[in-house]
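Notes follow once the structure below has been shown.
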Amino acid sequence: YLPAARDTIAASALPGGADYYALLVAQQTGGALTPAEVHALGLREVDRIRALMRGVIPRTGFNGTFAQFSAFANSDKRLFYKTPEKLLARYRKVMGRANARLGRLFLTLPGEDLVVKPAARENGEAVGGAYYEEGSAQRPAGLVVNTARLDARPIWEIEALALHEGVPGHHLQVARAHQLGGLPAFRRHAWYPAFGEGWALYAETLGYEMGFYKDPFSAFGQLNSELLRAARMVADTGIHAMGWSRQQAIDYLNANTANALADNEIEVDRYIAQPGSALSYKAGQLKIQGLRARAQLVLGPRFDVRRFHEAVLGNGPLPMPVLERQVGRWIEESM
């Protein structure tokens with residue numbers, strides 16, 4: 001098989017590949033952005049988030065460059081738990097605090113339980129720091145935490161990751177859809193990447209309104225989570241539309257994020273194997289934030305963030321153009 005395999009990595013190098021990749025970009029971003037536009041958007045977002053991080057790092061008491069702080073944050077033993085039990089306990093504490101504060105931002109709360117549990121040991125090398133497991137009639141929903149390789153699970157990533165995968169992220173979104181009994185099953189259980197991952201990344205930023213990220217290390221962790229999603233836009237389009245090599249993409253992530261170097265290699269190999277799949281997070285988050293800003297501008301003092309979130313989540317998963325029309329209709333009805 002190997003002698004017959006191609007020696008290129010870009011989707012655009014395939015027959016009809018440029019059109020194919022442009023289609024994937026449109027599908028994953030939920031809009032009409034071209035690969036070049038996504039690349040430029042990613043670069044702008046990387047610059048914006050890096051500027052915010054430069055303001056956070058000195059608050060930790062660390063004196064040094066971004067690269068030096070990244071190395072410190074990924075290696076200092078004080079920033080890691082020594083046992084799986086302590087790691088799981090921290091996630092449970094964050095979820096407890098988040099659940100207690102959901103009423104500030106949401107009218108309808110999840111009707112399904114969410115348990116924090118460890119990932120299967122045999123999956124330790126194959127999954128990230130945590131992920132969401134949808135509930136069913138046989139089991140409750142799970143915030144599944146990877147307790148393997150504790151030296152790769154920094155404490156500063158926990159708050160953002162828990163809010164993304166748990167509440168108000170994927171669990172609130174998915175459980176809310178399950179509760180919409182008037183919708184057919186395909187509407188309640190659909191998955192549109194920009195909506196699903198865009199909501200979860202937007203939900204991370206709600207942590208500031210919920211009283212999280214008080215610790216500068218946790219604030220750095222949230223910004224680094226967002227930074228990775230912006231850098232993905234640059235690397236993915238760089239590989240598949242701009243002629244980047246695998247090493248160029250790895251070097252870009254190494255230079256512009258605080259991710260562990262080994263993780264960046266895994267990230268880039270994912271982009272090569274699944275063109276466009278990493279673009280949905282940031283594109284969806286920016287769309288939801290843009291819709292919120294539009295609603296606040298138009299409605300002024302009549303804007304209620306809880307009702308805005310109801311408009312976003314109250315019809316189940318939606319393609320982004322449909323979501324935009326739905327929120328626009330809600331704004332008109334609220335005037």
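None of these values were measured; they are calculated from a predicted model.
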**Report entry** Step-by-step salt bridge (Lys or Arg N to Asp or Glu O under 4.0 Å) determination, Glu209 to Arg292
**Finding:** CA-CA 14 Å; Glu209 298 172 64; Arg292 176 171 171 171; 3.1 Å; yes
Report task. Evaluate the side chain to side chain contact (heavy atoms under 4.5 Å, CB included) criterion for residues Tyr281 and Leu228: first the C-alpha distance (whole Å), next the side-chain angles of each, then the deciding distance (0.1 Å), finally the verdict. Result -> CA-CA 10 Å; Tyr281 299 74; Leu228 173 62; over 6 Å; no
Query raised in the report: Should Ile158 and Leu87 be marked as a side chain to side chain contact (heavy atoms under 4.5 Å, CB included) after you check the CA-CA gap, both sets of side-chain angles, and the distance that decides it?
Result: CA-CA 9 Å; Ile158 292 175; Leu87 181 64; 3.7 Å; yes
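Here the side chain of Glu204 pairs no donor or acceptor atom with the backbone of Leu163 at under 3.5 angstrom. Not a single donor-acceptor pair under 3.5 Å links the side chain of Arg97 to the backbone N or O of Lys93. Counting only distance, with no hydrogens or angles, the side chain of Asn146 and the backbone of Gly128 share a donor-acceptor pair below 3.5 Å. Although no hydrogens or angles enter the test, the distance criterion places no donor-acceptor pair under 3.5 Å between the side chain of Arg153 and the main chain of Thr147. At least one donor-acceptor pair under 3.5 Å links the side chain of Gln68 to the backbone N or O of Thr65. Proximity of a side-chain donor or acceptor of His309 to a complementary backbone N or O of Leu105 within less than 3.5 Å is detected. No donor-acceptor pair under 3.5 Å is formed between the side chain of Trp199 and the backbone N or O of Val312. Put simply, the side chain of Asp236 gets close to the backbone of Gly276: a donor and an acceptor are under 3.5 Å apart.
Remark: Met233 CE to Arg44 CZ distance equals 9.5 Å, nearest 0.5 Å. Distance check, rounded to the nearest 0.5 Å: CG of Leu150 to OG1 of Thr83 gives 7.5 Å. Gln222 contributes atom CD, which lies 10.5 Å from atom CG of Leu227 (distance to the nearest 0.5 angstrom). With rounding to the nearest 0.5 angstrom, the OG atom of Ser218 is 9.0 Å from the CD1 atom of Ile155. Expressed to the nearest 0.5 Å, how far CG of Asp215 lies from CZ of Arg59 amounts to 8.5 Å. Rounded to the nearest 0.5 Å, atoms CD1 (Ile288) and CG (Leu323) are 6.5 Å apart.
Both cation-pi conditions hold for Arg101 and Phe212: the charged atom is under 6.0 angstrom from the six-membered ring centre and inside a 45 degree cone around its axis.
Between Leu291 and Glu324 the shortest side-chain heavy-atom distance falls below 4.5 Å. His171 places none of its side-chain heavy atoms less than 4.5 Å from the side chain of Glu165. Between Arg306 and Arg104, every side-chain heavy-atom pair lies at or beyond the 4.5 Å cut-off. Side-chain atoms of Phe106 and Arg176, non-hydrogen and from C-beta on, never get closer than 4.5 Å to each other.
Of the residues listed (Ser280, Pro319, Pro317), the one engaging Phe195 in a side-chain contact (heavy atoms from CB on, under 4.5 Å) is Pro317, and it is the only one.
Taking the six-membered ring for Trp and thresholds of 30 and 60 degrees, Trp191 and His170 have ring planes inclined between 30 and 60 degrees apart.
Every side-chain hydrogen bond (donor to acceptor under 3.5 Å, both in side chains) that Arg50 has, sequence neighbours left out, goes to Asn256. By the side-chain hydrogen bond (donor to acceptor under 3.5 Å, both in side chains) test, Asn224 is found to be paired with Asn259, residues two or more places apart in sequence or in another chain being considered. The side-chain hydrogen bond (donor to acceptor under 3.5 Å, both in side chains) test applied to Thr8 returns Arg6, not counting sequence neighbours. For Arg246, the side-chain hydrogen bond (donor to acceptor under 3.5 Å, both in side chains) partners two or more places apart in sequence, or in a different chain, are Asp269.
Connection of Phe66 to Ile250 is established within a shared hydrophobic cluster, with ILVMFWY side chains joined at heavy-atom distances below 4.5 Å, either directly or through further cluster members. Under the 4.5 Å side-chain contact rule for hydrophobic residues, Leu161 and Tyr131 do not share a cluster.
Ring centroids of Tyr202 and His164 are separated by 6.0 Å or more, keeping the two rings apart. Ring-centre distance between Tyr213 and Phe220: not below the 6.0 Å cut-off.
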Determine all donor-acceptor pairs shorter than 3.5 Å in which one atom belongs to a side chain in residues 22-34; sequence neighbours excluded.
{"from": "Thr29", "atom 1": "OG1", "to": "Val25", "atom 2": "O", "distance (Å)": "2.7"}
{"from": "Thr34", "atom 1": "OG1", "to": "Glu37", "atom 2": "N", "distance (Å)": "3.1"}
{"from": "Thr34", "atom 1": "OG1", "to": "Glu37", "atom 2": "OE1", "distance (Å)": "3.4"}

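Residue pairs meeting the ring pair (Phe, Tyr, Trp, His ring centres under 6.0 Å) criterion with at least one partner in residues 230-262, sequence neighbours excluded, are Tyr21-His240, His39-Trp244, Trp244-Tyr252.
Closest non-hydrogen pair, Tyr91 versus Ala130, comes out as OH-CB, 4.1 Å. The two residues Met320 and Ala194 have their closest heavy-atom pair at CG-CB, 3.5 Å.
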